Amino acid sequence: MPYFVSVPISIHAWSQSERTPAVLLAFRRNVIRQSSAFRGPGPPGSSRADMTEQNENVAFDPIRCEKANTLIQQGVSCYPHGFERTTTVSGVRERYESIGHDPATEQSALAGRLYTVRNHGKTVFADLGDETGRIQLYIRKNDLGDEAFSRFVELVDRGDIVGVSGRPFRTRVGELSLWVDDLCLLCKALSDLPEKFHGLKDTEKRYRQRYLDLVMNERARETFRVRSRVISFIRSFLADREFLEFETPTLQPVYGGANARPFTTHHHFLDQTLYLRIAPELYLKRLVVGGFERVFEISKNFRNEDIDSSHNPEFTMVEAYEAYRDYHQMMDLTEGLISGLVEQIAGTTTLEYDGQTLDFSRPWRRMTMADAVQEYAGIDVLSLDLEELGRIAAEHRVPDWSAAKNQREFLVLFFEFFVEDRLVQPTFIHDFPVENSPLAKRHREKEGFTERFELFINGMELANGFSELNDPRDQLERLLAQDRRRLEGDAEAQMIDYDFVNALALGMPPTGGVGIGIDRLVMLLSGHTSIKEVILFPQMKTAKEPAPDQE
RNA sequence: GGGCUUGUAGCUUAGUUCGGUAGAGCGACGGACUCUUAAUCCGUAGGCCAAGGGUUCAAAUCCCUUCAGGCCCGCCA
């Protein structure tokens, strides 16, 4: 987005001093807190054990602080209020793609961070980076003048943010560069950038200090651009189909819509327990009861479970519900959404991911869970009795099989054991046993099954949908069964949301619904195998100060 | 919950197998250099080797505990 010049850029801006902000005065004292100053017990009577511990070190570089002080003494603001740039790095690159060695006559004003500085005495080459890319600056003492040039060389560092004005040209070796006529400091950085060649690699540091990761690694920036585009695409895809986007409660008195352990909190004024939502499902269906026939929510959900390469305690889903549709049509919707997304982001119908080529061209394979087990394991579960199923399970060392009480439970076990990991290409598995699907409608033909599907890609579950259960009496019974399991100690079983059941009593049209995991979608589209790579600030254990020496 | 594995200067790292008390590059600082691009050249500073304990004449190195990561398995999206 172009910015337009309204004031001339000049090195004289350096001497148009502003009042020194109070915060900078502190820098003059060069106060750098050392971690050792924070060791040892807190004040008497204070209990910090239950407070959020954090690292209280301030990482200000004393040499950079001293440079900031010197600039202030010279009447130069280290943190001016703005800069009128006329273009961006990519703007310059596009416009002057074919320029030769002679500089353009027109000035271009750019702003950004200095990524490298190569000092040649009376000439400096530097690389300036903004959101659109990097470009080389050619800075000469002749052009800036002695005072401004030496100020730049002595007091401006790699990592600082500057504004420059100059004329694009191509150097003798062919590098498109900006011949700088004016330069001013826009922000003095007080900590050093990581190494310029290897950059920042330390995974832990990249996650904890994502800002540094983004400054240093184009791959990280690209990943989160993809994430943003994914969310925009989903919004417009659903809006184009006349879905309305709503926001439903994150703080819920009764949690439901999925099987998961919740985060629990307490509201002081109401003096009651509240839960962070594990899913928006039950609220969105209330909206369908209310007469909104196509609804969706991009929902941050919270599940108090383990953290690993495909699970973060808070994660993002899109859930969509459409009245007068069933699960077949929700599979169509899901397929259309994701294949359209792949085409939009990747520009093709295939993705290279984790050593596999994933083909998203439609139609995707759809198979029942029973057929999948038949095909991948050669076991016709529904035609075998429990004794035979137990023998097969024992033979293949299927974990926890002895708890299985009927064919359907064996089916789920066998599916997870034999099939799930092998579903590499986008595949819908449908018709799940009723026991594990308390919110899905019973199958129109198959006794004991529901009209539920899950989408698998590269062995990962990407989406989950059903023909929604809208029989209030059946819903109540199934939630009662869940609640019994919960009270027996199943931390992931659902509570009974009576208000939801009563909403169904008012009548919900036949409805199809689906939830799609956005983080995992972004993983596929950005080529990452860890969810932490696609969540800006993944959950990490708070780094504690080293414990005081034990006595 | 289980297994494997990592932590050395601001960053990227060597040294750990076969204990002898830390080496480099970049960055920083000082100096030279007006078309370089991981600029180059000369010089300087910077590390109680994640924390604590143990074995030993001697520990970054071996052992134990703790802290924080990473990978894999189980469970979940």
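None of these values were measured; they are calculated from a predicted model.
For rG10(B), its base never sits under 3.5 Å from the side chain of D61(A) at any donor and acceptor pair. No hydrogens or angles were tested; on distance alone, nothing pairs the side chain of T116(A) with the base of rU37(B) as donor and acceptor under 3.5 Å. A donor N or O paired with an acceptor N or O is found under 3.5 Å between the base of rU36(B) and the side-chain atoms of Q136(A). A donor-acceptor contact under 3.5 angstrom links the side-chain atoms of N142(A) to the base of rU34(B).
In terms of phosphate contacts, K205(A) brings a side-chain nitrogen or oxygen within less than 4.0 Å of OP1 or OP2 of rC11(B). OP1 or OP2 of rC29(B) has at least one side-chain nitrogen or oxygen of K67(A) nearer than 4.0 Å. Contact annotation: K532(A) side-chain N/O to rG70(B) OP1/OP2 distance is under 4.0 Å. Checking the phosphate oxygens (OP1, OP2) of rG69(B), a side-chain nitrogen or oxygen of R208(A) falls inside 4.0 Å.
Distance D192(A) CG to rA28(B) C1': 7 Å, rounded to the nearest Å. When rounded to the nearest whole Å, the span between CZ of R118(A) and C1' of rC41(B) equals 17 Å. For the pair I307(A) CD1 and rC72(B) C1', the computed distance is 17 Å after rounding to whole Å. As rounded to whole Å, 13 Å separates atom P of rG10(B) from atom CD of Q209(A). Rounding to whole angstrom units, CG of residue L137(A) and P of rU34(B) are separated by 19 Å. Atom CG of N119(A) is separated from atom C1' of rU34(B) by 11 Å (rounded to the nearest Å). Summarising the geometry, the separation between CG on L190(A) and P on rG10(B) is reported as 17 Å, rounded to the nearest angstrom. Rounded to an integer number of Å, the gap from L178(A) CG to rC35(B) C1' is 15 Å.
Base-pair partner of rU21(B): not found among the strands shown (Watson-Crick or G-U wobble, both distances under 3.5 Å). Summarising the base pairing, rC71(B) is matched to rG3(B) through a Watson-Crick or G-U wobble pair whose two defining distances lie under 3.5 Å. Base pairing of rC29(B): its partner is rG43(B), meeting the Watson-Crick or G-U wobble criterion (both donor-acceptor distances under 3.5 Å). Remark: rU61(B) base-pairs with no nucleotide; criterion is Watson-Crick or G-U wobble with both hydrogen-bond distances under 3.5 Å.
Classification of the F360(A)-W364(A) ring pair by plane angle, with boundaries at 30° and 60°, yields perpendicular. Between H120(A) and F125(A), the angle of the ring planes goes over 60°, which puts this pair in the perpendicular group of the 30/60° scheme.
Two residues are said to be in side-chain contact when any heavy atoms from C-beta on lie closer than 4.5 Å; F466(A) and N464(A) meet this criterion.
Note on Y138(A): a base of the nucleic acid sits closer than 4.0 angstrom, heavy atoms only. Within 4.0 Å (heavy atoms only), S191(A) reaches no atom of the nucleic acid at all. Contact annotation for D421(A): no contact, since no heavy-atom pair falls under 4.0 Å across all strands. In this structure, G517(A) reaches neither bases nor backbone, as no heavy-atom distance under 4.0 Å exists between it and the strands shown.
Checked against the 6.0 Å centroid threshold, Y138(A) and F169(A) count as a close aromatic pair.
A salt bridge is absent between E204(A) and R206(A): the closest approach of a Lys/Arg side-chain nitrogen to an acidic carboxylate oxygen does not fall below 4.0 angstrom. Ion pairing of R151(A) with E147(A) is present here, as a side-chain N (NZ or NE/NH1/NH2) and a carboxylate O approach within less than 4.0 Å.
To the nearest whole angstrom, the two P atoms, one in rU12(B) and one in rG70(B), are 15 Å apart. Look at the P atom in both rU37(B) and rU16(B): the space between them is 35 Å, to the nearest Å.
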